[in-house]
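One structure is given below, encoded as structure tokens.
Order of the sequence lines sets the chain letters (A, B, ...), proteins ahead of strands, with each chain counted from 1. For clarity, every value in this text was computed on a predicted model and none was experimentally measured. For the numbers below, each heavy atom of this structure counts, side chains included, while hydrogens, waters and symmetry mates do not.
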There are 2 protein chains.
Amino acid sequence: MQLKPQGLSEESEVSPRDMAARAAWLSFVGGLTQDQIAQQLGISRQRAQRLVARASAEGLIRVRIEHPIAACLDLERALKARFGLEQARVSPALAAGSDPLLGLAPFVAPELERIFEAEGPKVFALGTGRTLKTVVEHLRTVEGAHHKLVSLIGNVAPDGSASFYEVIMRFAEKTRARHYPMSAPVSARDDVELALYRSLPHVKASRALAKSADLAIVGIGQLGDDAPLYVDGFLTAGELTDLRTAGGVGEICGHIFDRDGRYLDHPVNHRMVGVQVPEGRMPVYCVGAGASKVPALRAALQGRLLAGLFTDEETARELISK
Amino acid sequence: MQLKPQGLSEESEVSPRDMAARAAWLSFVGGLTQDQIAQQLGISRQRAQRLVARASAEGLIRVRIEHPIAACLDLERALKARFGLEQARVSPALAAGSDPLLGLAPFVAPELERIFEAEGPKVFALGTGRTLKTVVEHLRTVEGAHHKLVSLIGNVAPDGSASFYEVIMRFAEKTRARHYPMSAPVSARDDVELALYRSLPHVKASRALAKSADLAIVGIGQLGDDAPLYVDGFLTAGELTDLRTAGGVGEICGHIFDRDGRYLDHPVNHRMVGVQVPEGRMPVYCVGAGASKVPALRAALQGRLLAGLFTDEETARELISK
DNA sequence: TCATGATATGGGCAAATGCTCAAATCTAAT
DNA sequence: ATTAGATTTGAGCATTTGCCCATATCATGA
């Protein structure tokens, strides 16, 4: 019978994660075979293999390709020229059928780190959505206590459930930045309610801070039958049809715009508690890729809503092709 | 007979490196098998394998383990406490017999990038040597045009050959930082020559800039029979013996110190054209690992010459073990 | 035009890897 | 103490990968 040693020697406190990290280090950096790793760590070959697999699965390993692929650089240049962007980054294509985020997220994360690590205190305004959430999951922890993060959009769904894609909290966790979520519903039900929400001090403060942001980072949504706004219950089927009839093709932070990137003059837009970007002088950087998002992206670019774009090769090609 | 298309279509200009990078991206980020990669790129399986191998060989791939191994964190804490360091980083051990730089260099490079990316314009003073050279080779290109790099040590060997380990030039290449090598011999032959070199305007300027540096980054040398200073011809066999008799155990930027980290009062030290660190208030960060360097490192730490240390697990363990 | 050396290509095979399954071990609740 | 359930372990095997070698292609100079 063995008792677990309780802090007796600092040596013996080895978490399974540590082992996984160590095995991964030996494998990827050291280039050892699994047999050698097993030998080195005094474990079986299978265990070594499992540790390495686990490290990969848990995202302990970050791979970065140092060489900018010429084709992607070309696309970046083309995007900048065509749409007057100050920033454009294009990730190389992965397998045709796969989720665009598979490649985009690990590509964008270091770019964001870079932006975040730069210079003095900044205010970053954040959108939400699956795209941004996935990107933020790929961020490494980076010191940023001098920055502020503020949400561009409410965090309460119509059914009252909070935090549908809590981008800002996860981001703040990784950076220790001060964060200001917009603790209010995404959308009000009528003008009275809207006025009420917007008069709440913390909402007022968040909106003011967001408007003064140095950079907004947002995703983009499409208005097809599987529009995220509809799927997540922010729009009824009727509203969705109505918006499409009115010319809506895409949406940023829940604000719907037409094919020229002009925000619709529609009740749905008027009831949003959050901020309609760009507000003031803030540059808006958008992350998004995938065939379904092309019309929305094209519209947003056309209407000069965006100052920066992170996308993948296939999407970029589509965007400049017409 | 086919003529090579000359910029006809931007599409067909694909460098082999691009292909390698793309294959590597598909393999590491996308997790595709070589067969799938081959299919995707329309090439044979063998070619795909060769491309991935090539990408690895050419260093296009940077792997980073996200999880700080607890054992290494413990060692870092111990080093900081024991030797009053402001910074200490310990890389996980690789195979016992292998070159310590194999693991240390890819570990230190991102740390350096981090330091370099931080805040406003800074002056970085650099040493030389195989260790620093290898680390700098692992740096990714990072914008740093607002920084200045200055060499702590002359760049001309006794035989007149320039640049024995041109750390500063390679560093500057990657960062576009302004750089000030010390274009002078490492060591003068007598006091008159020393005075002469030191009176040269560009040497004077470099030395002054180096002394005002915000951070010095140096390697460390040992004084065994294979002392780098001796192997590279900066010391004669006689001088080496003499220095060891006088108590010399290690050297930073060619300045020799004893086991308590006190610089020797010896002609060899007095004839160095470069700067003897630390000068003024500059913190000195040292990169170094390996059994042979332990005595030198211990001495430098003992004498509080260093404010920061980057080393590997094995060396760290040695350093705090006694 | 042809010869010559250098480089690239694909076949084949041994080593390394990933995965499944059954046995073993551990955990926790009775 | 016992047992049911969950997790971990190692053997076996199919797949994938790395590498050598014979052949083909390309570039270069006579």
Side-chain angles (χ1 to χ4, degrees), chain A residues 1-8 12-63 65 67 69-70 94-98 102-103, chain B residues 1-8 12-63 65 67 70 94-98 102:
Chain A
M1 191 193 308
Q2 290 185 346
L3 290 179
K4 202 180 287 176
Q6 290 264 356
L8 272 177
S12 44
E13 288 292 321
V14 195
S15 91
R17 280 213 157 186
D18 284 357
M19 285 287 273
R22 193 176 285 272
W25 171 266
L26 290 168
S27 173
F28 287 85
V29 180
L32 305 199
T33 104
Q34 296 182 351
D35 268 319
Q36 293 171 298
I37 295 169
Q39 198 172 350
Q40 174 117 3
L41 300 181
I43 57 180
S44 72
R45 215 257 311 159
Q46 291 88 333
R47 201 153 135 62
Q49 125 76 4
R50 247 160 246 170
L51 286 172
V52 178
R54 179 174 176 168
S56 306
E58 293 191 15
L60 267 51
I61 291 148
R62 293 295 141 83
V63 182
I65 307 291
H67 180 76
I69 296 172
L94 283 185
S98 63
L102 210 72
Chain B
M1 188 195 310
Q2 291 184 344
L3 289 178
K4 202 183 286 175
Q6 289 265 354
L8 271 178
S12 45
E13 289 291 323
V14 194
S15 91
R17 278 214 158 187
D18 284 356
M19 285 287 273
R22 193 176 285 273
W25 172 266
L26 290 168
S27 173
F28 287 85
V29 181
L32 306 197
T33 85
Q34 296 182 351
D35 267 318
Q36 294 172 298
I37 295 169
Q39 198 173 352
Q40 174 118 1
L41 299 181
I43 56 180
S44 72
R45 215 255 315 158
Q46 291 87 334
R47 200 153 134 64
Q49 125 77 2
R50 261 178 264 259
L51 285 173
V52 178
R54 179 174 175 167
S56 306
E58 293 191 15
L60 267 51
I61 291 150
R62 293 295 142 81
V63 181
I65 307 291
H67 181 76
L94 283 185
S98 63
L102 211 71

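For CD of A/Gln46, the number of neighbouring non-hydrogen atoms (other residues, nucleotides, ligands) closer than 6.0 Å is greater than 12.
Evaluation of the side-chain contact (heavy atoms from CB on, under 4.5 Å) rule for B/Arg47 yields B/Met19, B/Ile43, B/Ser44 as partners, not counting sequence neighbours.
Residues A/Leu94 and B/Trp25 are in side-chain contact: their nearest non-hydrogen atoms beyond the backbone lie under 4.5 Å apart. Using a 4.5 Å heavy-atom threshold, the side chains of A/Leu26 and A/Leu41 count as touching. A/Gln40 is not listed as a side-chain neighbour of A/Ile37, based on a closest heavy-atom distance of 4.5 Å or more.
Atom CD in B/Gln34 sits about 18 Å away from atom P in C/dG12, given to the nearest Å. Between the CG atom of B/Leu26 and the P atom of D/dT17 there is a distance of 12 Å, given to the nearest Å. When rounded to the nearest whole Å, the span between CD of A/Gln36 and P of C/dA15 equals 14 Å. Going from atom CG of B/Asp35 over to atom P of C/dT17 covers 18 Å, rounded to whole Å. B/Met19 places its CE atom 13 Å from the C1' atom of C/dT9, with the value rounded to the nearest Å. Separating the CG atom of B/Leu51 from the P atom of D/dT17 is a distance of 14 Å, rounded to the nearest angstrom. Straight-line distance from the CD atom of A/Gln49 to the C1' atom of D/dT15: 13 Å, rounded to whole Å.
Between A/Thr33 and the phosphate of C/dT17, there is a side-chain N or O to OP1/OP2 separation shorter than 4.0 Å.
Taken to the nearest 0.5 Å, the CD1 atom of A/Ile65 stands 7.0 Å off from the CZ atom of B/Phe28.
Taken over five-pair windows at either terminus, the axes of the helix from C/dT1-D/dA30 to C/dT30-D/dA1 are inclined to one another by 30° (rounded to 10 degrees).
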Task: Reading 5' to 3' through nucleotides 7-13 of chain D, protein heavy-atom contacts under 4.0 Å coded B for base, S for sugar-phosphate only, - for none - done: --BBB--

